[in-house]
Student: 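Before I ask anything, let me first share the structure, which is written out below as structure tokens.
Quick note on labels: first sequence line is chain A, next is B, and so on, each numbered from 1.
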Protein chains: 2
Amino acid sequence: MDKLLVPDGRTLKHVQVREYVRSLVTGSAPGSPAPSERELVHQFGVARMTVRQAMDALVVEGLLERIPGRGTFVARPRRAASRIVGFTEEMARRGLLAESVTLLARREQAGPGVARALNLTEGDAVIHWRRLRRADGQPMCLEDAYLNEVLLPGFLQSGMPTSLYDAFEARGLRPTWAEDSISADQASAEEAQHLEVETGGPVLRHSRRALSGEKVVEVSRSVYRSDRFTLWVQLGSD
Amino acid sequence: MDKLLVPDGRTLKHVQVREYVRSLVTGSAPGSPAPSERELVHQFGVARMTVRQAMDALVVEGLLERIPGRGTFVARPRRAASRIVGFTEEMARRGLLAESVTLLARREQAGPGVARALNLTEGDAVIHWRRLRRADGQPMCLEDAYLNEVLLPGFLQSGMPTSLYDAFEARGLRPTWAEDSISADQASAEEAQHLEVETGGPVLRHSRRALSGEKVVEVSRSVYRSDRFTLWVQLGSD
DNA sequence: TAGTGGTCTAGACCACTAT
DNA sequence: TAGTGGTCTAGACCACTAG
């Protein structure tokens, strides 16, 4: 819709009107009136259908709400399901500082499970990244991430970022879809050592397959200390 | 948009066109062409803007996709985040039969926590329903649900349903929004007895606050056997 | 009664795609 | 070159809301 079909300097009229109205109403309280359609027709000297096209977009976006016979008003913001975030942002939400210690970061050949999950062929190159993740200095989680090397060229060489999700963002690969599985279990001896808990103590296992559009960008398995971590999920939308 | 502003027998033209096109393309493979706009203009004898209004609705819905210069095509179905379902449907997804034994079902006065979660005042009447939930005959989960009695008049008297979510559905209270928290823990002695596991064994705790529009319809705490249950969540949308 | 959004017309020109 | 969707015009009548 927003693609430039008119590559000259001029801005589409319905876009002008749309952005003008958006600037007027952003920050306004829900229920505040937006300009009427005929008012905008006079202000911009355009046809009413053009104004309606502009307003339609804002209504679909959930910014405005039309009430026949009354007018157009700022809508109550829609609730939206949980955004897909990584450990760093998840901790930041809790007011905690995320830190990581890389335990392993190397190129591997994809095994059958990882290959299927990443939509690759067995033996293809994948990045395996294992980290102990801390929150405010305390061990929180042990994470094994498998990444498609083709999507992250030079990733291992260019120095690892703190936040994998920031790296996705920088490459235009922000996850838009995630399939998570969550279960309770007992810590293995190795997990217990890293997490500084008793072997056999309760842990939360969290697996994720994250996609950006059609591309699988992350397959990971994480194990969290159950005494420090509760997962929050919001589902649905208005 | 679909409200009847024309209460006489006639159907809005853009609705006629929209439903005609919908009937044509439902079942078609993604990428199949839809009729062109000018073709529909001739078929229905309407203005092009009317056809565009019809098609716009289907595009917003995600059923169609426009490609400038080429035409309008059936879109790849959008992925949608997890629907909000209860235990019965959650088990059905796994091919398991859900059964329940009611351990407690009574009217109570809301304590401070439940009152806040249900958007009520402390002391208001709530329904407290505790069930042992089985899947294919095996203990799976122990659930405490708190419900707003005002939204479910006669619920306790009229015989309890198998599925709470079916009861919501029947009253037009299908949950559209859920706030879940998930954690790992160890079974208490009482929980262990009901679930037939060792005291201190690993369990998954799942709390939910479910809303239908603005109304809080359910507040619940469930504890699952970790050896039989893994939670699946899909997040995001195309 | 005046104003609002909802529907609808009968055209027009544009940029883009495919042949 | 023919066809497609994208933009835009300058009106019209309708049902509904509010003063």
Side-chain angles (χ1 to χ4, degrees), chain A residues 1-21 24-25 28 30-75, chain B residues 1-21 24-25 28 30-75:
Chain A
M1 257 326 213
D2 287 352
K3 221 191 299 180
L4 260 198
L5 293 169
V6 185
D8 52 21
R10 103 169 197 278
T11 304
L12 272 12
K13 294 188 182 179
H14 76 267
V15 174
Q16 289 182 40
V17 175
R18 192 224 299 154
E19 295 312 314
Y20 169 74
V21 174
L24 276 186
V25 303
S28 303
S32 309
S36 81
E37 296 179 357
R38 284 158 180 92
E39 203 175 326
L40 292 163
V41 164
H42 287 123
Q43 276 186 45
F44 283 84
V46 297
R48 184 154 163 242
M49 287 305 292
T50 304
V51 169
R52 284 187 64 79
Q53 184 178 6
M55 304 293 262
D56 276 340
L58 297 174
V59 168
V60 167
E61 230 179 90
L63 189 62
L64 296 182
E65 182 184 10
R66 293 202 243 242
I67 304 182
R70 298 228 299 132
T72 305
F73 304 88
V74 179
Chain B
M1 261 315 218
D2 286 355
K3 221 191 299 180
L4 261 199
L5 291 167
V6 184
D8 50 25
R10 105 170 195 276
T11 305
L12 272 13
K13 294 187 181 179
H14 76 269
V15 174
Q16 288 180 43
V17 176
R18 192 224 297 153
E19 295 311 315
Y20 169 73
V21 175
L24 276 188
V25 302
S28 304
S32 309
S36 80
E37 296 179 356
R38 284 161 180 90
E39 203 176 324
L40 291 164
V41 165
H42 287 122
Q43 275 186 44
F44 284 85
V46 298
R48 183 151 165 244
M49 287 305 293
T50 305
V51 169
R52 284 187 64 77
Q53 184 178 6
M55 305 292 263
D56 276 339
L58 297 174
V59 168
V60 166
E61 229 178 89
L63 189 62
L64 296 182
E65 182 184 9
R66 290 202 243 244
I67 305 183
R70 299 227 298 131
T72 305
F73 304 88
V74 179

Student: Would you indicate, yes or no, if D:dA18 has its OP1 or OP2 atom less than 4.0 angstrom from a side-chain nitrogen or oxygen of A:Arg70?
Tutor: yes

Student: Any side-chain N or O of B:Arg52 less than 4.0 Å from the OP1 or OP2 oxygen of D:dG6?
Tutor: yes

Student: Within the pair A:Thr72 and C:dG5, is there a side-chain N or O less than 4.0 Å away from OP1 or OP2?
Tutor: yes

Student: In whole angstrom, what separates B:Glu65's CD from D:dT4's C1'?
Tutor: 15 Å

Student: Rounded to whole angstroms, how far apart are CZ on A:Phe73 and P on C:dT4?
Tutor: 10 Å

Student: Provide, to the nearest angstrom, the distance between the CD1 atom belonging to A:Ile67 and the C1' atom belonging to D:dA15.
Tutor: 16 Å

Student: Quick one: does A:Leu40's side chain get under 4.5 Å of A:Glu37's, heavy atoms only?
Tutor: no

Student: Looking at A:Val74 and A:Leu64, what are the two nearest heavy atoms and their distance?
Tutor: CA-CD2, 4.1 Å

Student: Send over the distance from A:Glu37 CD to C:dG6 C1', rounded to a whole Å.
Tutor: 9 Å

Student: Tell me the interatomic distance from A:His42, atom NE2, to C:dT4, atom P, rounded to whole angstroms.
Tutor: 10 Å

Student: Between CG of A:Leu63 and CG of A:Leu58, what distance do you get to the nearest 0.5 Å?
Tutor: 5.5 Å

Student: Between A:Thr72 and A:Ile67, is any pair of side-chain heavy atoms under 4.5 Å apart?
Tutor: no

Student: Working to the nearest 0.5 angstrom, can you tell me the gap between B:Met55 CE and B:Glu61 CD?
Tutor: 12.5 Å

Student: Whole Å only: how far is the CZ atom of A:Phe44 from the P atom of D:dC8?
Tutor: 12 Å

Student: Nearest whole Å is fine: how far is D:dG6 P from B:Leu64 CG?
Tutor: 11 Å

Student: Spell out, as yes or no, whether a donor-acceptor pair under 3.5 Å connects the side chain of B:Glu65 to the backbone of B:Val59.
Tutor: no

Student: Which atom pair, heavy atoms only, marks the closest approach of A:Arg48 to A:Val41?
Tutor: CA-CG2, 3.6 Å

Student: Work out how much the helix from C:dT1-D:dA18 to C:dA18-D:dT1 bends between its end axes, five pairs an end, to the nearest 10 degrees.
Tutor: 10°

Student: Mark yes or no for whether A:Gln16, through its side chain, and A:Thr11, through its backbone, hold a donor-acceptor pair below 3.5 Å.
Tutor: yes

Student: Could you tell me the separation between the CD atom of A:Gln53 and the C1' atom of D:dG5, rounded to a whole number of Å?
Tutor: 12 Å

Student: With rounding to the nearest 0.5 Å, note down the distance linking NE2 in A:His14 to CZ in A:Arg18.
Tutor: 5.5 Å

Student: Can you tell which of D:dC8, C:dT4, D:dG5 lies closest to the side chain of B:Ser36?
Tutor: D:dG5

Student: Can you name the atoms? Protein N/O to nucleotides 9-13 of chain D N/O, anything below 3.5 Å, with the distance.
Tutor:
| from | atom 1 | to | atom 2 | distance (Å) |
| --- | --- | --- | --- | --- |
| D:dT9 | OP1 | A:Lys13 | NZ | 3.0 |
| D:dT9 | OP2 | A:Ala47 | N | 2.7 |
| D:dT9 | OP2 | A:Thr50 | OG1 | 2.7 |
| D:dA12 | N6 | A:Arg48 | NH1 | 3.4 |

